[in-house]
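Every chain is numbered from 1, with letters handed out A, B, ... down the list of sequences.
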Protein chains: 2
Amino acid sequence: MSIIKYDVIPLVVIKRLPRYHRVLSELSAKGIGRISSQELAATMKITASQLRQDLSCFGSFGQQGYGYRVDQLLTEVNQILGLNYGTGMILVGAGFLGKALVNYENFQKRGFTIQAVFDQDPEVVGQSVNGIKVSNVSGLATYLQKNPTEIGIICTPAPAAQEVADVMVQSGIKGIWNFAPISLKVPEGVHVEHVHISESLMVLSFKIRQQYPNGD
Amino acid sequence: MSIIKYDVIPLVVIKRLPRYHRVLSELSAKGIGRISSQELAATMKITASQLRQDLSCFGSFGQQGYGYRVDQLLTEVNQILGLNYGTGMILVGAGFLGKALVNYENFQKRGFTIQAVFDQDPEVVGQSVNGIKVSNVSGLATYLQKNPTEIGIICTPAPAAQEVADVMVQSGIKGIWNFAPISLKVPEGVHVEHVHISESLMVLSFKIRQQYPNGD
DNA sequence: TAGATTGTTAATCGATTAACAATC
DNA sequence: TAGATTGTTAATCGATTAACAATC
């Protein structure tokens, strides 16, 4: 069981956790059972110091003179990130991006399930997306009251997003994964992760034009 | 014209540039012509010091006692990021995500154009996506040799991604925007931006479970 | 000119790296 | 036990913030 040792984990550390998750999953899939901080860090192109420092935010998962058990460490990271918990999600806005997300299989693998899909367009309502029938967004509040859900995904156009977010918040959603290009206003205690899809394209554009040195 | 004053711009600064771009675009759209670092920083929830420090990496765009002209500063940021240049892109892998990207209108607005789309699946080849006919990926190298293109977008499944990247690199692509869940190997001088769509979902998951304090 | 606000230098803060005692 | 490697403390590095002289 993970013990949070410090009140607040630095955000930089949290953002690295998905990478730890990914690399450990790959090592586990390869059947590697044991790894030292030195080796794991080399795989991730970070320093062993940083790796150990990062992990020490959450507890002591290794063994002196031995290293880490890959599967055990992966389990810890999963625990910290809240993966494999069976987290329920609903999605609003079944356009191209919404459909892409509903069909994205990696969520399932990590314990996230899209349980219902909503849209405003009468042409879209009733369609089946990856086996889920799209409901009218007018039924969103009622649905959420009957089926408490942790995460709401917003894939609507910008003008509709705030209204959808308000309904989600009022119906007890804990976190919003927002793909609409607009800053959402939510009360204390509700978390929003805003995905700016084109930000990394702009970074790429900058690097191409400035002959920026390679390597992340 | 922007003058690069230091050999290498810190990556943290580059990653903030798209946000400057966005906020300045919004201000410009609102018809705001002039802004001080103080006001602009407040809008972005950063400090005025950081804003001025960031801009100083690229030149001097303000005027003492006056502030910045919004449109002029936006033009500078666009220049630095290489926006509105008419950057050509091609996309390989016309699945749900690929189709979503081809239909994403914000690229056009910023001067990025998807000029051709490729897929391997005979069922998909020949389909029209947002007015672009999907070509067989076997013709990718030939296409790129005839039509030099700066950016390649990879939306294929993981197993196909490296092969596609190799063809792109050999055909002179300068940057790869990679949505396939695999680390691509590319030579010096070619830039890759890897989009890990579910990383921010995991961060959201962490925050929900740990009652992480609000505010980005 | 007086007031305002930049660009930049200096001070602080936080994150990364190095080093090592603890210990498996 | 001897060797290896962790977890953690201390040192370094880089990024953010504060302060202010330059100047519009």
Side-chain angles (χ1 to χ4, degrees), chain A residues 1-17 19-20 24 27 32-70 72-74 76-77 80 212-213 215-216, chain B residues 1-17 19-20 24 27 32-70 72-74 76-77 80 212-213 215-216:
Chain A
M1 196 178 41
S2 81
I3 296 148
I4 308 289
K5 296 177 77 185
Y6 304 95
D7 277 10
V8 178
I9 312 294
L11 195 61
V12 276
V13 175
I14 298 165
K15 286 189 178 161
R16 276 194 292 268
L17 289 174
R19 261 188 89 206
Y20 289 124
L24 288 166
L27 291 169
I32 293 169
R34 192 213 128 195
I35 198 161
S36 70
S37 62
Q38 194 58 249
E39 294 168 297
L40 182 51
T43 311
M44 299 190 59
K45 290 176 184 166
I46 60 173
T47 64
S49 276
Q50 182 168 68
L51 174 61
R52 295 204 299 274
Q53 193 75 280
D54 281 355
L55 293 179
S56 77
C57 293
F58 304 101
S60 307
F61 309 125
Q63 194 174 327
Q64 279 101 328
Y66 177 86
Y68 302 85
R69 294 189 183 281
V70 171
Q72 190 205 315
L73 189 54
L74 178 56
E76 294 289 351
V77 171
I80 294 163
Y212 201 76
D216 316 37
Chain B
M1 195 178 41
S2 84
I3 296 147
I4 308 290
K5 296 178 76 185
Y6 304 96
D7 276 11
V8 178
I9 311 294
L11 194 60
V12 277
V13 175
I14 298 164
K15 286 188 179 162
R16 275 194 292 268
L17 289 174
R19 263 188 87 208
Y20 290 124
L24 288 166
L27 290 170
I32 294 169
R34 191 214 130 196
I35 198 162
S36 69
S37 62
Q38 195 57 250
E39 293 167 299
L40 182 51
T43 311
M44 301 191 58
K45 289 175 185 168
I46 61 174
T47 65
S49 277
Q50 181 167 69
L51 174 60
R52 295 204 300 272
Q53 193 75 279
D54 281 356
L55 293 179
S56 77
C57 293
F58 304 101
S60 308
F61 310 124
Q63 195 176 324
Q64 280 102 328
Y66 178 84
Y68 303 85
R69 294 191 184 279
V70 170
Q72 190 205 315
L73 190 53
L74 177 57
E76 294 289 350
V77 171
I80 295 163
Y212 200 74
D216 317 36

Given atom [atom1] of [X] and atom [atom2] of [N], what is their separation to the nearest angstrom?
{"X": "B:Tyr66", "N": "C:dG7", "atom1": "OH", "atom2": "C1'", "answer": "18 Å"}
{"X": "A:Leu11", "N": "D:dT16", "atom1": "CG", "atom2": "P", "answer": "13 Å"}
{"X": "A:Asp54", "N": "C:dT17", "atom1": "CG", "atom2": "P", "answer": "10 Å"}
{"X": "A:Lys15", "N": "C:dT16", "atom1": "NZ", "atom2": "P", "answer": "12 Å"}
{"X": "B:Gln64", "N": "D:dT23", "atom1": "CD", "atom2": "C1'", "answer": "5 Å"}
{"X": "A:Gln50", "N": "D:dA11", "atom1": "CD", "atom2": "C1'", "answer": "16 Å"}
{"X": "B:Ile14", "N": "D:dA15", "atom1": "CD1", "atom2": "P", "answer": "11 Å"}
{"X": "B:Leu51", "N": "D:dA15", "atom1": "CG", "atom2": "P", "answer": "17 Å"}

Review point. Within the structure shown, what part of the strands sits under 4.0 Å from B:Ser49 by heavy-atom distance: base, sugar-phosphate, or nothing?
Key: base

Practice item. Report which part of the nucleic acid A:Gln63 touches: base, sugar-phosphate, or nothing (heavy-atom distance under 4.0 Å, all strands). Key: sugar-phosphate

Kindly say if [X] contacts the phosphate of [N], meaning a side-chain N or O under 4.0 Å from OP1 or OP2.
{"X": "A:Thr47", "N": "C:dT16", "result": "no"}
{"X": "A:Ser37", "N": "D:dT5", "result": "no"}
{"X": "B:Arg52", "N": "C:dT9", "result": "no"}
{"X": "B:Gln53", "N": "D:dT16", "result": "no"}
{"X": "B:Tyr68", "N": "C:dG7", "result": "yes"}
{"X": "B:Arg34", "N": "C:dT6", "result": "no"}

Exercise for review: Tell me which of A:Val13 and A:Gly65 sits closer to the 5' end of DNA chain C, going by the nucleotide each one is nearest to.
Suggested key: A:Val13

At what distance, to the nearest 0.5 angstrom, does [atom1] of [X] lie from [atom2] of [Y]?
{"X": "A:Ile35", "Y": "A:Thr43", "atom1": "CD1", "atom2": "OG1", "value": "4.5 Å"}
{"X": "B:Gln63", "Y": "B:Arg34", "atom1": "CD", "atom2": "CZ", "value": "9.5 Å"}
{"X": "B:Ser37", "Y": "B:Met44", "atom1": "OG", "atom2": "CE", "value": "12.5 Å"}
{"X": "B:Ile80", "Y": "B:Ile14", "atom1": "CD1", "atom2": "CD1", "value": "10.5 Å"}

Practice item. Can you establish whether the number of heavy atoms outside B:Arg69 located under 6.0 Å from its atom CZ is more than 12? Key: no

**Study point:** Distance-minimising heavy-atom pair for B:Ser36 and B:Glu39
**Key:** N-OE1, 3.0 Å

Check your understanding: Quick one: does A:Leu40's side chain get under 4.5 Å of A:Ile46's, heavy atoms only?
Key -> no

Exercise for review: Write out the stems for DNA chain C, ordered by first number and formatted as range with range, counting runs of at least 3 consecutive Watson-Crick or G-U wobble pairs under 3.5 Å.
Suggested key: C:3-24 with D:3-24

